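Comments concern the structure below.
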Amino acid sequence: MKNLFALLAFVLISNAVCSQKLPELIASPHDLHFNNLANTWDEAIPLGNGMVGALVWKKEEKLRLSLDRADIWDLRPMENLKTPQWKYSWVYEQWKKDTYTNVQKRFDEPYDKIPAPSKIPGAALEFDIAGLGEIASVHLYINQAICEVKWKNGVRLLTFVHATDPIGWYHFEGLAKPLSYEIIPPAYNIPGTNKEESPVKGQDLRRLEYPQGTVTKNKNSATYTQEGWGGFKYEAHTSHKTLPNAMTGSWSLSSEFPSWEKSPSATTIIKKQMQEGMTKAFDTHATWWRDFWSQSAISIPDATIEKQWHLEQYKFGSVARSSGPPISLQAVWTADNGKLPPWKGDFHHDLNTQLSYWPAYSANHLNEEIGFVNWLWKYRNTFKKYTDEYYEAEGLNVPGVTTLTGEPMGGWIQYSFGPSVSAWLGHHFYLHWKYSMDSTFLAERAYPWIKDVATYLNAITQKDANGKRKLPISSSPEIHDNSKQAWFPNTTNFDLGLIKWTYEKAAELADELGKKEEANTWKKIASEWPQLASSEQTGLMIAPGAPYAQSHRHFSHQIAYHPLGIVDFSRGEQDQKIIKNTISTLDSIGSSLYVGYSFSWLANLKARAFDGEGAAKALKIFATSFCLPNSFHVNGDQSDNNYSRYKYRPFTLEGNFAFAAGLQEMLIQSHTGILHIFPAVPKSWSTPSFDQLRAQGAFLVSASMKNGATEKVSITSLKGSVLKLKNPFNTSNFQCNMPYELSVDNIITINTKMNDQIELSLKN
């Protein structure tokens with residue numbers, strides 16, 4: 001009887017595999033297409049779903065799938081942070097006494113020297129393709145997130161990572177015989193001498209001192225299990241079925257830690273998947289991606305920028321989900337080169353995580369973006385504990401560099417323990433509220449977070465001789481790197497911008513919730529802070545007495561302008577002058593010490609200043625000079641066009657996603673409460689259009705231009721907010737299907753109800 005059941009199971013699985021109908025692939029002009037597989041991991045074809053990912057490339061004569069999972073982490077604590085000296089007050093005292101080297105040795109250097117905590121790689125799956133001959137083409141179909149590899153002898157591979165399940169699939173057809181394959185463990189135990197390198201280049205994996213993992217293989221499957229630090233374990237498993245001239249298989253990675261909720265092993269997951277078959281898996285996978293792409297669309301008459309935007313949307317859809325970890329430096333594409341990933345693949349909150357989510361809002365991907373604030377909320381108590389221990393204060397701050405579970409990791413402490421990290425993260429709580437108008441989120445998440453940040457900031461500040469508030473010491477990432485000079489005696493524009501924004505928004509949200517007394521408290525405290533440091537000639541400064549005087553990668557000094565908007569063109573001539581001088585200073589000093597994300601951010605700055613030509617130029621430089629052929633942003637200038645002195649190539653994602661946000665800022669802006677259509681479009685873009693971009697107030701907006709002028713605008717009011725629209729036609733000769741008022745300053749106001757459809761167009 002037992003043998004009968006086994007036979008029936010085999011028949012069912014075989015039938016499922018044999019009956020698979022291969023998907024019909026839908027090409028896009030924005031797809032990736034190459035004549036061969038990449039020879040390095042960072043130029044590979046990327047596939048992912050926010051939890052697991054794969055990179056498709058060739059290593060020697062093997063087709064290699066670098067397999068990754070977002071929660072494969074070495075979570076050992078940083079012991080140097082559990083000492084009596086680990087205090088903001090102690091750092092301040094060392095800075096005052098000119099003994100700051102004590103701080104560097106205790107908190108900065110260990111991050112560089114100690115290999116963990118760190119994100120770590122999963123495994124690789126290698127297929128022996130030596131007998132298949134030359135490759136004809138490699139194609140990533142971004143509409144369906146599937147990679148196709150063709151050989152000149154007629155063999156074809158289809159491979160994808162399922163959109164929602166922690167699995168990947170591969171299907172080879174046209175084979176004379178099945179391909180052999182191996183699961184390749186990361187280089188935790190290879191012979192040789194451990195190397196201590198910089199966190200940028202990545203430290204040797206052997207320095208983790210893991211026990212040798214085990215690989216077992218039988219005729220139709222292979223399994224790799226690895227034990228890490230503190231009882232952490234993970235498993236990689238693949239199983240396949242052979243058919244006439246074909247083979248189909250699936251793989252998965254699973255992880256476990258003693259304190260985590262138990263989840264199915266990779267072996268268990270794949271057993272179920274092989275029973276259900278690839279056809280069913282691809283159907284649900286393709287449906288998810290179809291829904292993702294339907295959320296928004298753009299069309300512009302610049303093929304390079306348009307393609308890069310679509311590839312950024314594809315990558316965002318590959319790494320962001322409502323559940324699971326947020327986007328780390330490399331997300332689900334950890335380095336597969338025998339080393340730890342650049343900067344340990346961690347969560348940098350001095351810019352990287354923030355920029356990674358910038359495009360989600362106006363691109364109408366709140367379902368994916370919410371994963372970031374969900375994670376922040378999940379570890380709120382961890383962050384409060386850090387605030388109590390390091391800042392000796394109530395309220396909420398967040399370490400600027402964190403592990404998967406929100407624990408501090410150290411590094412350059414000006415940002416890794418920076419005083420305003422939670423304020424910048426609070427900006428994402430605010431943006432989610434403004435773009436969704438979700439009143440429950442406002443009451444239960446956005447205001448409580450920002451209130452806690454305001455409470456903490458109130459606790460750590462001092463008053464100067466003039467009665468104005470200040471931080472004891474303040475910094476501006478990453479000005480002066482990790483030297484003593486990186487701390488300023490006066491509050492920097494970076495910290496001050498975030499602090500002023502926090503109190504402004506705490507008051508705004510308290511008013512929205514009817515908490516008048518709390519709102520008045522925040523307004524009073526806001527009035528006790530000084531004005532931003534600004535020069536008549538150079539615009540926003542780093543700090544009082546410290547102008548922006550040399551090229552720098554991080555535009556931290558002008559955060560009050562973008563993204564916070566507390567300095568803005570809408571606030572009058574004085575702000576406009578500050579903004580123009582700030583950007584003019586950036587341009588005049590030049591980009592010699594920029595990295596890729598600097599150009600992405602610069603595009604956003606110029607778009608906010610309604611400079612379409614400048615924004616498009618910055619985007620074009622980024623796309624053509626700071627990205628590899630697979631569209632990965634690699635920080636350094638790869639073009640030899642002297643856009644930057646940096647020539648290195650550590651791959652990180654924030655520059656990619658800030659690029660997408662920059663283009664969206666050119667097409668739609670709503671941060672002032674007034675909706676602007678095509679606010680920063682170059683004159684040469686005579687026919688741009690977009691569909692279902694999202695504006696603050698929970699509006700979905702579609703618009704098109706013809707011959708350089710706005711032709712038509714369609715708006716859906718999701719929550720019934722009052723619509724204030726800058727007249728996109730620059731004439732009163734337009735028509736609207738709803739009653740409206742047109743003010744003397746050319747603002748169209750429409751009182752909407754939920755799900756109202758507003759149509760505006762030029763009159764014939």
Side-chain angles (χ1 to χ4, degrees), residues 26-31 33 142-143 292-314 359 361-365 599-600 602-604 606-624 631 658-670 674-695 699-716 723 725-737 746 748 757-764:
I26 303 171
S28 161
H30 311 115
D31 291 345
H33 186 89
I142 64 170
N143 286 334
F292 176 84
W293 286 110
S294 72
Q295 295 304 301
S296 61
I298 64 105
S299 175
I300 60 169
D302 186 309
T304 300
I305 295 176
E306 182 181 276
K307 179 171 182 173
Q308 188 75 31
W309 182 86
H310 281 84
L311 290 170
E312 309 309 8
Q313 297 303 303
Y314 166 76
Y361 302 99
S362 58
N364 195 26
H365 288 304
F599 285 95
S600 293
L602 183 63
N604 283 269
K606 296 205 170 190
R608 281 276 177 97
F610 307 124
D611 177 9
E613 307 292 340
K617 180 181 178 182
L619 293 180
K620 185 68 73 74
I621 290 172
F622 174 86
T624 57
S631 81
F659 172 98
L663 177 55
Q664 291 159 212
E665 286 280 327
M666 296 170 69
L667 301 176
I668 185 172
Q669 293 180 26
S670 60
I674 296 174
L675 174 59
H676 290 254
I677 307 294
F678 300 121
V681 170
K683 291 181 180 179
S684 60
W685 292 10
S686 60
T687 58
S689 64
F690 60 83
D691 185 51
Q692 291 202 134
L693 293 184
R694 184 180 278 255
F699 297 103
L700 294 183
V701 186
S702 302
S704 60
M705 292 181 73
K706 183 177 181 181
N707 298 324
T710 303
E711 176 187 32
K712 183 170 60 175
V713 177
S714 300
I715 302 172
T716 302
L723 173 66
L725 170 66
K726 182 73 173 180
N727 184 354
F729 306 108
N730 293 317
T731 175
S732 60
N733 187 38
F734 67 88
Q735 57 194 6
C736 179
N737 68 332
N746 216 17
I748 300 168
Q757 304 284 330
I758 302 103
E759 302 289 341
L760 303 101
S761 60
L762 278 172
K763 291 181 179 178
N764 294 327

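Quick caveat, the model's predicted, so the values are computed rather than measured.
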**Message:** What I'd like to find out is whether the side chain of Ile621 reaches to under 4.5 Å of the side chain of Leu602, using heavy atoms alone.
**Reply:** no
**Item:** Heavy-atom closest contact (Glu613 atom, Ser684 atom, distance)
**Value:** OE2-N, 4.5 Å
**Asked** Ring centres of Phe678 and Phe690 under 6.0 Å apart?
**Response** yes
**Between CD on residue Gln308 and CG on residue Asp302, distance to nearest 0.5 Å** = 11.0 Å
**Test side-chain contact (heavy atoms from CB on, under 4.5 Å) applied to Val713 and Ile758, step by step** = CA-CA 8 Å; Val713 177; Ile758 302 103; over 6 Å; no
**Message:** So for atom NZ, which belongs to Lys726, do other residues, nucleotides or ligands contribute more than 12 heavy atoms lying within a distance under 6.0 Å?
**Reply:** yes
**Prompt:** Taking C-beta and beyond as the side chain, do Trp685 and Met705 meet within less than 4.5 Å on heavy atoms?
**Reply:** no
**Prompt:** Got a donor-acceptor contact below 3.5 angstrom from the Asn364 side chain to the Leu700 backbone?
**Reply:** no
**Item:** Crowding at NZ, Lys617 (>12 non-hydrogen neighbours, <6.0 Å)
**Value:** no
**Under 3.5 Å: donor-acceptor pair, side chain of Asp691, backbone of Ser702** = no
**Asked** If you measure from NE2 on His310 to CD1 on Ile305, what distance do you get to the nearest 0.5 Å?
**Response** 13.5 Å
**Item:** Atom pair OG1 (Thr710) and CG (Leu762), whose distance is rounded to the nearest 0.5 Å
**Value:** 7.5 Å
**Asked** How many angstroms lie between atom CD1 of Ile668 and atom CG of Leu663, to the nearest 0.5 angstrom?
**Response** 12.0 Å
**Which atom of Ser686 lies closest to which atom of Pro301, heavy atoms considered** = N-CG, 4.2 Å
**Message:** Working to the nearest 0.5 angstrom, can you tell me the gap between Ile26 CD1 and Ser28 OG?
**Reply:** 10.5 Å
**Request:** State, with a plain yes or no, whether a side-chain heavy atom of Met666 is found less than 4.5 Å away from one of Leu619.
**Result:** yes
**Message:** Quick check: closest heavy atoms across Glu665 and Ala607, and the distance to 0.1 Å?
**Reply:** CB-CB, 3.7 Å
**Prompt:** How far apart are the C-alpha atoms of Ser299 and Glu306, what are their side-chain angles, what is the distance that settles it, and do they pass the side-chain contact (heavy atoms from CB on, under 4.5 Å) test?
**Reply:** CA-CA 7 Å; Ser299 175; Glu306 182 181 276; 3.7 Å; yes
**Request:** Could you walk me through whether Trp309 and His30 pass the side-chain contact (heavy atoms from CB on, under 4.5 Å) test, one step at a time?
**Result:** CA-CA 9 Å; Trp309 182 86; His30 311 115; over 6 Å; no
**Request:** Enter the distance from Gln692:CD to Ile715:CD1 here, rounded to the nearest 0.5 Å.
**Result:** 12.5 Å
**Message:** Quick one, Phe729 with Leu760, criterion side-chain contact (heavy atoms from CB on, under 4.5 Å). Give me CA distance, side-chain angles, the key distance, then yes/no.
**Reply:** CA-CA 9 Å; Phe729 306 108; Leu760 303 101; 3.9 Å; yes
**Prompt:** So with a 6.0 Å cut-off around CG of Asn707, is the heavy-atom count from everything else above 12?
**Reply:** no
**Asked** Are any of the side-chain heavy atoms of Ser296 and His365 separated by less than 4.5 Å?
**Response** yes
